[in-house]
Trainee: 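Take a look at the following structure, please.
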Amino acid sequence: MTQPIKFYFDLLSQPCRALYMFLEASKIPYEAVSISLMRGEHLSNDFKNNINRFQKVPAIKDEDFKLSESIAIFRYLVREKIVPEHWYPHKGALRARIDEYMEWQHGNMRACCTDYFRQKWLQPKLTNTEPNPEQVAQSEARLNKCLAEFEQHWLKGEKYMITSNITIADLLAICEIDQPKAVGFNPFKNYPRIADWHELTREALEPYYHEANQVIDKIEGKQKEKVLQMKN
Ligand SMILES: N[C@@H](CCC(=O)N[C@@H](CS)C(=O)NCC(=O)O)C(=O)O
């Protein structure tokens, strides 16, 4: 009998949340192995030598086969496991459009959302300092430009990004957008189509969305408390 895959992850990370929801929703048997980024567990020699030589999450191990990079993991799981077709349809044009998004998102959504999260929360937290307002403002401007492009080019009237069914593209995109959202940025204020799509996508991913977001929901809660305290 084949063993469940091992999944190494931290729900603080966008691609880890995307894979977590995908594994759950697709009912792929897996063993969860929590790796704390904030405690630096991904930097241990054991993790480097035995799990992911790049020392990042997510990573998987399928029997003796080790794989990192979320997009490669998604493609591997779709090929090797039983996965509902709608996530990554066989049909040429739909699959190609999802591939196009996955290539686009690395230099755009992922770069902008990660940078905002880093400037506003992660770097100050790791160095016990306050965020640099100028750097946060620059990062916010880049994020707004990117969200405007996302809305214009990827939300063009289908129910979800690519088609009338949810795909891996929606899953990856919602996880990216939730990262700056968790640290005080409102991605819905200027982008009504993003707000509608986010709501639909979130609903389609429940109950896994709620489970996956517990870690960043706590950050969002604390950020809101901080803003209220500053106002009082
Ligand atoms: N391109 C990789 C990115 C992986 C990545 O950057 N993971 C982050 C968390 S989102 C990480 O492990 N960072 C730890 C570090 O850079 O020290 C993927 O899509 O899996």
Side-chain angles (χ1 to χ4, degrees), residues 5-24 26 28 30 32-62 65-81 87-88 98-128 139 142-143 146 150 161 167-183 185 187 209 211-220:
I5 64 161
K6 283 192 173 169
F7 173 44
Y8 302 86
F9 69 107
D10 183 332
L11 292 175
L12 186 60
S13 141
Q14 310 87 303
C16 290
R17 290 196 299 277
L19 270 171
Y20 171 85
M21 288 189 258
F22 182 72
L23 287 166
E24 287 288 336
S26 302
I28 298 172
Y30 74 96
V33 186
S34 169
I35 299 293
S36 167
L37 290 172
M38 295 308 275
R39 284 204 292 271
E41 289 172 1
H42 59 302
L43 301 175
S44 73
N45 278 337
D46 179 41
F47 189 82
K48 182 179 174 182
N49 297 332
N50 298 316
I51 296 141
N52 180 3
R53 62 204 187 285
F54 300 117
Q55 296 181 284
K56 290 186 191 294
V57 285
I60 61 163
K61 224 170 166 180
D62 193 5
F65 179 62
K66 299 178 222 165
L67 191 63
S68 65
E69 288 295 333
S70 56
I71 305 301
I73 298 173
F74 271 115
R75 290 192 173 125
Y76 175 79
L77 293 175
V78 169
R79 268 196 317 270
E80 304 295 326
K81 310 289 169 190
W87 287 114
Y88 195 46
I98 297 169
D99 286 341
E100 186 185 40
Y101 176 74
M102 293 197 292
E103 296 293 339
W104 181 83
Q105 87 139 15
H106 261 290
N108 292 279
M109 292 288 272
R110 175 145 178 84
C112 295
C113 294
T114 301
D115 184 61
Y116 185 88
F117 181 76
R118 199 175 284 272
Q119 299 292 349
K120 184 84 186 281
W121 187 84
L122 186 61
Q123 203 57 29
K125 181 99 184 157
L126 291 174
T127 52
N128 205 14
S139 184
R142 283 194 296 269
L143 179 57
C146 181
F150 175 75
M161 281 168 61
T167 70
I168 293 173
D170 298 284
L171 189 49
L172 288 162
I174 197 169
C175 292
E176 289 304 331
I177 290 181
D178 285 339
Q179 207 73 357
K181 179 173 166 291
V183 294
F185 177 83
Y209 182 88
E211 292 167 10
N213 279 268
Q214 281 173 14
V215 172
I216 59 162
D217 281 351
K218 276 198 200 128
I219 301 178
E220 192 166 354

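As a basis for the values below, the full set of heavy atoms in this structure was taken, side chains included, without hydrogen atoms, waters or symmetry mates. Just so you know, these numbers come straight off a predicted model, no measurement behind them. Just follow the structure's listing: the first ligand is 1, and inside any ligand the first atom is 1.
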Trainee: Could you tell me if the side chain of Gln14 sits less than 4.5 Å from the side chain of Leu172, heavy atoms only?
Mentor: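 SC-SC contact between Leu172 and Gln14 ruled out.
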
Trainee: Among Phe7, Tyr20, Tyr8, exactly one meets side-chain contact (heavy atoms from CB on, under 4.5 Å) together with Pro58. Which residue is that?
Mentor: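 Result for side-chain contact (heavy atoms from CB on, under 4.5 Å) with Pro58: Phe7.
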
Trainee: If I take atom CG from residue Asn213 and atom CZ from residue Arg17, how far apart are they, to the nearest 0.5 angstrom?
Mentor: 5.5 Å

Trainee: Show every salt bridge (Lys or Arg N to Asp or Glu O under 4.0 Å) that has at least one partner inside residues 112-128, sequence neighbours left out.
Mentor: Asp115-Arg142

Trainee: Determine, for Asp10 against Arg39, whether the closest basic-nitrogen to carboxylate-oxygen distance falls under 4.0 angstrom.
Mentor: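 No salt bridge links Asp10 with Arg39.
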
Trainee: Ligand 1: which residues have a non-hydrogen atom closer than 4.0 Å?
Mentor: Ser13, Gln14, Pro15, Leu37, His42, Lys56, Val57, Pro58, Glu69, Ser70, His106, Arg110

Trainee: Kindly check if the number of other-residue, nucleotide or ligand heavy atoms within 6.0 Å of NZ (Lys61) is above 12?
Mentor: yes

